[in-house]
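When a ligand or atom number is given, it counts from 1 through the structure's own listing order. One is the number of the first residue; the rest follow in order along the sequence.
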Amino acid sequence: MDCIFCKIVAGELPSFKVYEDDETLAFLDIRPVNTGHTLVVSKKHSTNIFDVSQEDWTAVTKVVRALAAVIEKAVSADGININMNNREHAGQVVDHLHVHIIPRFKGDGFKLWHQSAYKEGEAAMVQEKIKAQLV
Ligand code: 5GP
Ligand code: ZN
């Protein structure tokens with residue numbers, strides 16, 4: 001399969017690895033938002049949140065939680081964003097499951113996203129749509 005993160009996992013492409021275990025690999029993002037920006041990937045290929053196994057997802061999130069504290073300390077950050085892009089229109093460029101750990105610094109100016117407001121009655125409608133999918 002022609003997947004750059006599978007190639008990084010296999011050691012066929014170089015990366016600055018910061019952590020590795022049987023299920024996961026964490027390495028520095030090649031184009032960091034801020035210094036220390038790290039990607040945590042599952043070693044087994046899946047595309048994103050929609051097809052990852054519960055087992056692989058659990059392994060990835062465990063590492064994300066541990067590394068967030070480690071990275072914050074290592075680069076003396078003032079906070080951390082955890083981000084994941086799923087599918088093209090949500091900003092996913094590399095189709096191999098990965099979670100971003102992004103160190104934040106006071107005044108770095110990185111804007112997360114814009115926010116809006118629900119119209120009258122809209123929130124209740126959306127709530128029902130979501131709940132209907134759960135059954
Ligand atoms: P996405 O937009 O898919 O969530 O993020 C993909 C990330 O992978 C981007 O932040 C990009 O800089 C990073 N990236 C793409 N190719 C490589 C690579 O070959 N090596 C590393 N270390 N990071 C990469
Ligand atoms: Zn892959």
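- When side chains are defined from C-beta on, V41 does not count as touching L97, because their heavy atoms never get closer than 4.5 Å.
- Taking every heavy atom of R31 and a limit of under 4.0 angstrom, the matching atoms of ligand 1 come to 12 (O).
- Contact atoms of ligand 1 toward G91: 1 (P), 2 (O) (distance under 4.0 Å to a heavy atom of the residue).
- If you check each of D95, D29, I8 against atom 13 (C) of ligand 1, the one with the closest non-hydrogen atom is D29.
- Near V93, the atoms of ligand 1 lying under 4.0 angstrom from a non-hydrogen atom of the residue are 1 (P), 2 (O), 3 (O).
- Annotation: atom 5 (O) of ligand 1 to nearest protein heavy atom, H98 NE2, 3.2 Å.
- Close contacts of ligand 1 with N85, meaning ligand atoms under 4.0 Å from a residue heavy atom, involve 1 (P), 2 (O), 4 (O).
- Excluding waters, the set of protein N, O or S atoms lying under 2.8 Å from the Zn ion (ligand 2) comprises C3 SG, C6 SG, H45 ND1, H96 ND1.
- The neighbour count for E88 CD, taken as heavy atoms of other residues, nucleotides or ligands under 6.0 Å away, does not exceed 12.
- A donor-acceptor pair is defined here as one N or O able to donate and one able to accept, closer than 3.5 Å; such a pair exists between the side chain of N86 and the backbone of I49.
- Atom CD of E20 has more than 12 neighbouring heavy atoms from other residues, nucleotides or ligands inside a 6.0 Å radius.
- Heavy-atom proximity to Q92, at under 4.0 Å, picks out these atoms of ligand 1: 3 (O).
- In this structure, atom 22 (N) of ligand 1 lies nearest to the protein heavy atom L28 O, 2.9 Å.
- If you run side-chain contact (heavy atoms from CB on, under 4.5 Å) between P103 and each of I71, N81, T35, only I71 comes through.
- At distances below 3.5 Å, not a single donor-acceptor pair connects side-chain atoms of K44 with backbone N or O atoms of S53.
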Derivation and outcome, side chain to side chain donor-acceptor pair (under 3.5 Å), residues D95 and N48: CA-CA 7 Å; D95 286 337; N48 53 35; 5.7 Å; no

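- Side chains of T58 and Q54: a donor on one and an acceptor on the other come within 3.5 Å.
- Contacts between N83 and ligand 1 below 4.0 angstrom, taking non-hydrogen atoms only, are absent altogether.
- If you check each of F16, F5, F27 against atom 8 (O) of ligand 1, the one with the closest non-hydrogen atom is F5.
- Heavy-atom separations between M84 and ligand 1 are all 4.0 Å or longer.
- For F50, the CZ atom is densely surrounded, since the number of other residues' heavy atoms within 6.0 Å is greater than 12.
- Applying the side-chain contact (heavy atoms from CB on, under 4.5 Å) test between V40 and each of T61, I82, V64, L25 identifies V64 as the sole match.
- Under a 4.0 Å N-O distance rule, the pair E72/R104 does not qualify as a salt bridge.
- Closest to atom 24 (C) of ligand 1 by heavy atom, among I30, V99, L13, is I30.
- The residues K7 and D2 are annotated as salt-bridged, a charged nitrogen and a carboxylate oxygen being separated by less than 4.0 angstrom.
- Aromatic rings from H98 and H96 are positioned such that their centres are separated by 6.0 Å or more.
- An N or O contact shorter than 3.5 Å is missing between H37 and ligand 1 by distance.
- Relative to atom 16 (N) of ligand 1, the option among V33, N48, N86, I4 with the closest non-hydrogen atom is I4.
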